[in-house]
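Lettering of chains follows the sequences in order, A, B, ..., and the numbering in each one begins at 1. Keep in mind that the numbers below use all heavy atoms, side chains included, and drop hydrogens, waters and symmetry copies.
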Amino acid sequence: MDVEVIHLGWCSPLDHQGYSRKVLAKSFYSEDPALVAERLLGALLVRVYRGVRLSGVIVEVEAYYGSWDPASRAYKSMRGDLARTLYGDVGLALVYGVHKQWLLNVVAHREGDGGAVLIRAIEPLEGIDLMAKLRGVRDLRSLTNGPGRLTRALAVDKSFHKKPLYEETYGLWIEEGFTIDESRIARSKRIGVSKDLDEPLRFYVKDNPYVSRI
DNA sequence: CGCCAGATTGACT
DNA sequence: GTCAATCTGGCGG
């Protein structure tokens, strides 16, 4: 396991003692979406763009289910491509466009079910200058604290739809990263959905300044 | 092919 | 805090 000592700025709330560059295997995503979502906190979302490694620590996620989840793209219809992707192979990216933004999910569910995890925010780690350029902002706090913002910072668009995130082939993948203590994880209702489930399906790192606004 | 809701963002009162 | 621009995807006709 490759472990490297890194140093973030004074404002980082994480204990950056070192992190694992091990790419998360496909089997990691063969679990209940809520479980996968929680386990993804602390992991690294990595993108290689024009030879530059861009990355950030995942600090906010949401779990979505299949046809019985009113906020799911598979709700009441299995005909569309998004619905079929939700029920298809796990570990693939599901890129969904809404309000001019691209939202990045990773397909995750148990056998026979459907589901995905939406990546809502990352803490910038590597390639920050280039990410700021791609976003057109200078403020670190507003660089990747939102699902549409982080895809723009990482130059992720629809071309990544249905590409595997468990291998480096397409320049976008997820690594093991850091371990976040359970005591630092909080959960709430999902943001922006009109019809949510009773169960809180949003997970985030407590007091992390790179979590999206509530 | 037209319609429209929506897992957002950024600008503005 | 409020609000609307903007466009994809899924649906009906």
Novice: Categorize S194(A) for me: base, sugar-phosphate, or nothing, with a 4.0 angstrom heavy-atom threshold over every strand shown.
Specialist: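 Here S194(A) touches the backbone only, sparing every base.
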Novice: If a pair satisfies salt bridge (Lys or Arg N to Asp or Glu O under 4.0 Å) and one of its residues is in residues 57-67 of chain A, list it, with sequence neighbours excluded.
Specialist: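 Passing the test, one end in residues 57-67 of chain A: E60(A)-R120(A), E60(A)-R202(A), E62(A)-R120(A).
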Novice: Hey, which sits more toward the 5' end of DNA chain B by its nearest nucleotide, G192(A) or R149(A)?
Specialist: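 Its nearest nucleotide lies further toward 5', so the answer is G192(A).
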Novice: Once each nucleotide of nucleotides 5-13 of chain C is scored for protein heavy atoms under 4.0 Å, what B/S/- sequence comes out, 5' to 3'?
Specialist: BBSSSSSS-
Novice: Checking S55(A) now: which residues fulfil side-chain hydrogen bond (donor to acceptor under 3.5 Å, both in side chains) with it, not counting sequence neighbours?
Specialist: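 Partners of S55(A) by the side-chain hydrogen bond (donor to acceptor under 3.5 Å, both in side chains) criterion, ordered by chain and then number, come out as E126(A).
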Novice: Mind checking which stems touch DNA chain C? I mean at least 3 consecutive Watson-Crick or G-U pairs, both distances under 3.5 Å.
Specialist: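 The stems that DNA chain C takes part in, listed by first number, are B:1-6 with C:7-12, B:8-12 with C:1-5.
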Novice: Residues two or more places apart in sequence or in another chain: which of them pass ring-ring contact (aromatic ring centres under 6.0 Å, His included) with Y29(A)?
Specialist: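 For Y29(A) there are no ring-ring contact (aromatic ring centres under 6.0 Å, His included) partners, ignoring immediate neighbours.
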Novice: Pick the C1' atom in dA7(B) and in dG1(C), then give their distance to the nearest Å.
Specialist: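 One C1' to the other, the span is 22 Å.
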Novice: For residues 87-101 of chain A, pull every pair meeting side-chain hydrogen bond (donor to acceptor under 3.5 Å, both in side chains), keeping only residues two or more places apart or in separate chains.
Specialist: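 Residue pairs passing side-chain hydrogen bond (donor to acceptor under 3.5 Å, both in side chains), neighbours aside: S67(A)-Y87(A), R73(A)-Y96(A).
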Novice: Is atom NZ of K158(A) surrounded by more than 12 heavy atoms (other residues, nucleotides or ligands) closer than 6.0 Å?
Specialist: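 For K158(A), atom NZ is crowded (more than 12 foreign heavy atoms under 6.0 Å).
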Novice: Could you tell me which residues satisfy side-chain hydrogen bond (donor to acceptor under 3.5 Å, both in side chains) with W173(A), sequence neighbours excluded, listed by chain and number?
Specialist: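 side-chain hydrogen bond (donor to acceptor under 3.5 Å, both in side chains) list for W173(A), sorted by chain: E175(A).
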Novice: Mind checking what makes side-chain hydrogen bond (donor to acceptor under 3.5 Å, both in side chains) contact with N105(A), not counting sequence neighbours?
Specialist: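 For N105(A), no residue satisfies side-chain hydrogen bond (donor to acceptor under 3.5 Å, both in side chains) once neighbours in sequence are set aside.
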Novice: Have a look at R135(A) and say if it touches a base, only the backbone sugar-phosphate, or nothing, with a 4.0 Å heavy-atom cut-off.
Specialist: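 The answer is sugar-phosphate, as R135(A) gets under 4.0 Å only of primed atoms, P, OP1 or OP2.
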Novice: Among residues at least two apart in sequence or on other chains, which ones pass side chain to side chain contact (heavy atoms under 4.5 Å, CB included) with D81(A)?
Specialist: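 Testing D81(A) for side chain to side chain contact (heavy atoms under 4.5 Å, CB included), a comparison that skips the adjacent residues, returns R84(A), T85(A), H161(A), K162(A).
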Novice: Under the side-chain hydrogen bond (donor to acceptor under 3.5 Å, both in side chains) test, which residues partner D198(A), sequence neighbours left out?
Specialist: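 D198(A): no side-chain hydrogen bond (donor to acceptor under 3.5 Å, both in side chains) contacts found.
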Novice: Could you give the start and end, 5' to 3', of the contact zone on DNA chain B for chain A, using atoms under 4.0 Å from its heavy atoms?
Specialist: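 Here the contact window of chain A covers dG6(B) to dG10(B).
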Novice: Which pairs, with at least one residue in residues 36-51 of chain A and sequence neighbours excluded, count as a side-chain hydrogen bond (donor to acceptor under 3.5 Å, both in side chains)?
Specialist: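 For residues 36-51 of chain A: none.
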